[in-house]
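A, B, ... follow the sequence lines: proteins, then strands. Residue 1 opens every chain.
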2 protein chains.
Amino acid sequence: MKNYIKHDPWRIIEEGFDNELNKNSESVCSIGNGKGGQRANFEETFTGNTLQGSYVSGVYYPDKTRVGWWKNGYPEYFAKMLNAPSWTGIHINIDGEELDLAKCKVTDFSRVLDMKRGVLERHFVAEMQSGKKVEVSSTRFLSIVRDEIGAIKYTIKPLNFSAKATVTPDVDADIVNQDSNYDEKFWVEISKHVDDSVSVIAETKKTKFQVCTAAVTRFSVDTTGDEPILREKYAAKRYSLNLKQNEIVIINKYACITSTMYYTADEIEAKTNAVLYEAVSAGFDTLLAEQEKAWDEKWKESDIIIEGDVAAQQGIRFNIFQLNQTYTGRDERLNIGPKGFTGEKYGGTTYWDTEAYCLPFYLATADKKVAHSLLVYRWKHLKKAIENAQKLGFTNGAALYPMVTINGEECHNEWEITFEEIHRNAAIANAIGIYINYTGEKEYLAQYGLEVLIGISRFWAQRVNWSEDKQKYVMLGVTGPNEYENNVNNNWYTSLSAVQNMKYTIKAIEYVKTNHPADFDRIKSTCNFDEKETEKWQHIIDNMYLGYDEKRKVFIQNDGFMDKELIPVTRMDQSQRPINQHWSWDRILRSCYIKQADVLQGIYFFEDQFDNDTIKRNFEFYEQFTVHESSLSSCIHNILAAKVGLHDKAYQFYLNASRLDLDDYNNDTCDGCHITSMGGTWMTIVQGFGGMRIKDGLLSFNATLPEKWQSYSFKIRHRDNVLQITVSKAGTKIERLEGPQTKVYIDGALTEI
Amino acid sequence: MKNYIKHDPWRIIEEGFDNELNKNSESVCSIGNGKGGQRANFEETFTGNTLQGSYVSGVYYPDKTRVGWWKNGYPEYFAKMLNAPSWTGIHINIDGEELDLAKCKVTDFSRVLDMKRGVLERHFVAEMQSGKKVEVSSTRFLSIVRDEIGAIKYTIKPLNFSAKATVTPDVDADIVNQDSNYDEKFWVEISKHVDDSVSVIAETKKTKFQVCTAAVTRFSVDTTGDEPILREKYAAKRYSLNLKQNEIVIINKYACITSTMYYTADEIEAKTNAVLYEAVSAGFDTLLAEQEKAWDEKWKESDIIIEGDVAAQQGIRFNIFQLNQTYTGRDERLNIGPKGFTGEKYGGTTYWDTEAYCLPFYLATADKKVAHSLLVYRWKHLKKAIENAQKLGFTNGAALYPMVTINGEECHNEWEITFEEIHRNAAIANAIGIYINYTGEKEYLAQYGLEVLIGISRFWAQRVNWSEDKQKYVMLGVTGPNEYENNVNNNWYTSLSAVQNMKYTIKAIEYVKTNHPADFDRIKSTCNFDEKETEKWQHIIDNMYLGYDEKRKVFIQNDGFMDKELIPVTRMDQSQRPINQHWSWDRILRSCYIKQADVLQGIYFFEDQFDNDTIKRNFEFYEQFTVHESSLSSCIHNILAAKVGLHDKAYQFYLNASRLDLDDYNNDTCDGCHITSMGGTWMTIVQGFGGMRIKDGLLSFNATLPEKWQSYSFKIRHRDNVLQITVSKAGTKIERLEGPQTKVYIDGALTEI
């Protein structure tokens, strides 16, 4: 845990330069615009502790799968979003000496991510080894309005000297991924040039995505000359100028980053230039004003205000900011990687996190098109999910969505996850129900949803088998959300989810058949679907084995769980935590310790089906064994604790979730931020404290106020309305900000708003 | 399956040159002498299909462990026996044209492994591209008398020409392992020289073993000159000579291969030279005579004769021959790799195969010192087994022997095996009981055995936990011998073995305490052993959960097994076999199909405790689901089938086992032979058909004769006797070949021999 980020309601503030903390700050101060992102690396040369990271969404490389012993069915490759050509470099050389904070005495250093405006600012005074002192400020952003444009305003003020200097803005495609196995480089140069602008077109090996990165730089003073610098995969222009003591030089660098995701290889250079020079013409101040206005709009729909707790306020805004800059829903081919654009870990790939933890945020804070795009992403991958299931021996259009993917193909390579953590299918099916329940847009089923549901129900129907001994269907060899057990039988969460998915599919079939008969015929034909298939599904629904412990009156997480030594986490040696850093894998597996919500995840998803006593009993039984060693655990526990009135616990879980990255709880923020779990953090306030649910298509709130807070309020877009919900000691107040009059349940009472 | 090896009682015969089959033949015609081995690669240059392989026992390299996702507790490296410098090369160049069978028209080709004499012979006529025809014969062996010496007699006869030629015998340390990840080379040159002899001293990277390989060549005709050839890691001498039509030139190459396993780096070169020139002085014929005599002695103790079935005869002798040339028991630091010296797969490392499948052969066919060496190998690794258990969280001297090892450290890197296939510990403990039961040498417990038993019993006592629900001890998260289930609870075999090990340890403690009190005090002190520890062991022995199915009256392989779809192998689609080549891993895991004996392995080991009905019921229940996709499966099934009177089945299992490599059942003999399963094949005849057991310290036979055979006989060394057991239609006849009068049970009746 770290505690150096200054508390502030709108800004993430680092003060004072600390080389050791730099990678951490680079992560938390990352900027992005849905189409790409950039860690808060320095513009000038820096030879200290850094993880360079520029990312272009959708551009990936199929890296070699590494395994110890090959198993049939493993994927051929691991797709990873590459560290992309860098557009931020502005190298400063004064009188032959390179400005490099690793070699300077640095004072007045600050790095500030201004979340309100979507801007990263940096300021410092550096005393170079020659004794020259310069004051530098930089302001940069990735435009969310012109989403191919990045802009930097970099100012230099010589404090105690005048001297000749060179300034070298560059575009650098000679980039490696830190996680490449043998320092291979994944980019090859297609072309480069230097004239007024500098640019490089680089292509990924194998996948042959091209990325064109071009930049133009303007100075507030006359430069005395310039020269092109061209190396392999690198283009820059070195400007000479005279620095005068106490005179500020302003350098504006405009960059345009495009890819063959959006342009053909033939046109990419011309298009990039056109977009770039439009931005140059607009100028830095105009671009910045656009950015501020657009972020203001985003906050209008998605802000959460907490009164009386600045740390909590900063924490929740940080989560919302990251979610908004990671995904915009504009491109159905994109999704949300666990680290977003803040690091290269997990390769920018998509997990079940998106559906289970991120969807509710986008549904409630943006136009429904955004959530729609997330769903269509999976619909587009249905064919590959069917192929994936076929590889594992399933037939007749059964679909198994990958655990990890970029383009729909499975990329994960641990058998107990790849082949067995199949509950991901449930999250994808549930998401359809959640979307329709929230938006009321049932016709989504006819257009897209039903095909996915049929594929998933077919999978479940083939994945279970009849146990003669139990006279029930069992589901053998699965891994639940609690990855601290592997290859178990009858994981309650997975089996319950399968039943719910099949039930929902049967209902969806009826709906589409009745209301969209033409679509139904089309789907029957494309899916080769026979309505009789539902008979088997119904038989499974009616006869699924779902473990229940009569003695303890709780659901059984999976077969054998109750045979374990059941010692609560509070009674274990705390020096052994986190167990994933102290214990061997087998010891973890046979312990009773639970990584993240498992039975409770099922209760969360299907809460309506359980009474409060059941929820509380299961919460209290399983929570005592849960070590929360996944960033996705606290939110579910917060929501259920709040639901059953365990308010102190709920608040504790909120704290764990909301400042996870800012305070670096897991000592891994240097690798990037936990983007997908940020959706969960949003849920802790809205669904946890706010108690928001959808009831008969209407919003419902059962709010509680954490003791430490004076009040909190959040904005929700629901169908045609934007509402502001404020919870204070006076109770829950709901204001309608947009849209027609509507009804809302407040603490169970239907209320006109 | 292949069928090109000619049937012959004593010889493995390949006739006709087939490039495609060459790697296969190289494996089956491998020669070895316990200290090293050599695939049947050609002496002359060969650019065709070949896997070069020379192996020096005990010389290994710690290669980087490859895994997909690292788990705590994984080993740092994978130790592998390296492909060692080659000593066999004799390159022939005639009139500027290299003799290379890949480029010749080859006739009269034969490759013959003469098992009786321990000699590899090869003969061919090659028509070179120039039209020149040469007739070549070679005879080579690795001496089992002088176990650092290899010798080759190579003869050339020009059939249709006279010409100048060069002959270049070499020593080549510029060697790669075929399985190296990135073609890394693991050898570095220390020194090399050419004078009368040629030699290279090469050192392994990291482990710094040195291997000195030296060779001297003598010709039957005068050579016209010679020149040294020295390259990086390579030394040779190129002799010029005149070939005359129809005149035979005999080339004798003598090689000496030594390592710093046996000599210091300072002395290795001188010692190697001394041993080499002693062999040169003795001459090829003397060395060969020694070899023939020594093999004759080996066969006197270990031969099995089958009358009426040449294929079976050849098969069993091949197994015995390989076992004898792989391991001699002379060095307690060595053991038996699954491929012996016939290929590089599995890295020459030691598995539980040694104790479970090889020990009985060495016990019954050689001086007890040989089996003793195998046991002491594990005793020497006890400290590392304790460290290994500590890494996984075990305490107080609990020992977990590695799944795969060369030097006592774990080298395997799949969590479900490395951490969970812990029944290997049982094989090591059982081996102590088997050794003592066979030899009567109880004092082995005091000297070595008890310490190992205490370490293993401590492990079991910590590995189980008390289940409140079952009111029994359970063993969670294990993988049994059936590796087609992973991470299961209460594997019957493992739990039963744990109980047996603890029982035996308690008895061993009593014995040593009573009969060797000084040793007992020493052991108590070195193991920090408190006699009270046995109370917990006894409680576990009395309360271990061992699954039993009341309905089917069979033991339950592991929790959940009976929930599977139980479809016999005979009723599955046969095109799906072997399932490990057709099915994804998860499908295999949740199927009922069993890779190799699991419950039946337990019944085999502890047969005395089960009545015939129980054995038969369990055999019939589990065998129907067993796919035998391990070479270690058939032997156990043969023995139990024979025991319960299922003679046809027993014979079928014998066939599967005995010619596995000769007929290449698994299509993998090209990688090397299945050496450790050969011990199992020997067991099929002696324990299976012969029904040999030890009963109250005496040999007991309950023999049956396979219908197809006229008779079979085998030799057994038991304590001071060597007996010959002959089973024919007339019954079982036992002859005493060596030692004093003794008693033997024949078909239950105690008989004086």
Does any backbone or side-chain atom of A/Tyr74 lie under 4.5 Å from a heavy atom of chain B? Answer side chain, backbone, both or neither.
neither
Which of residues 464-471 of chain B get closer than 4.5 angstrom to chain A, counting heavy atoms alone?
B/Asn465, B/Trp466, B/Ser467, B/Asp469, B/Lys470
Contact between B/Leu589 and A/Glu420 at the side-chain level, heavy atoms closer than 4.5 Å - yes or no?
yes
Aromatic contact between A/Trp70 and B/Trp585, with the criterion being ring centroids under 6.0 Å apart: yes or no?
no
Identify the two heavy atoms, one from B/Asn72 and one from A/Trp583, that lie closest to each other, and give their separation to 0.1 Å.
ND2-O, 3.0 Å
Looking at side-chain heavy atoms only, is the closest gap between A/Arg587 and B/Phe419 below 4.5 Å?
no
Determine the option with the most heavy-atom pairs under 4.5 angstrom with chain A, choosing from B/Val474, B/Asp549, B/Asn580, B/Asn486.
B/Asn486
Contacts of A/Asn425 that satisfy side-chain hydrogen bond (donor to acceptor under 3.5 Å, both in side chains) - sequence neighbours left out:
none
Partners passing side-chain contact (heavy atoms from CB on, under 4.5 Å) against B/Asn489 (at least two apart in sequence or in another chain)
B/Leu476, B/Asp559
Sequence neighbours excluded, which residues qualify as side-chain contact (heavy atoms from CB on, under 4.5 Å) partners of A/Asn388?
A/Leu400, A/Glu410, A/Arg424
Can you tell me which portion of A/Ile422 sits under 4.5 Å from chain B's heavy atoms? Options are side chain, backbone, both or neither.
neither
Counting heavy-atom pairs under 4.5 Å with chain B, which one of A/Lys564, A/Gln576, A/Glu416 comes out on top?
A/Glu416
If you count heavy-atom pairs under 4.5 Å with chain B, which of A/Glu485, A/Arg552, A/Gln581, A/Lys472 comes out on top?
A/Arg552
Are any of the side-chain heavy atoms of A/Ile588 and B/Lys71 separated by less than 4.5 Å?
no
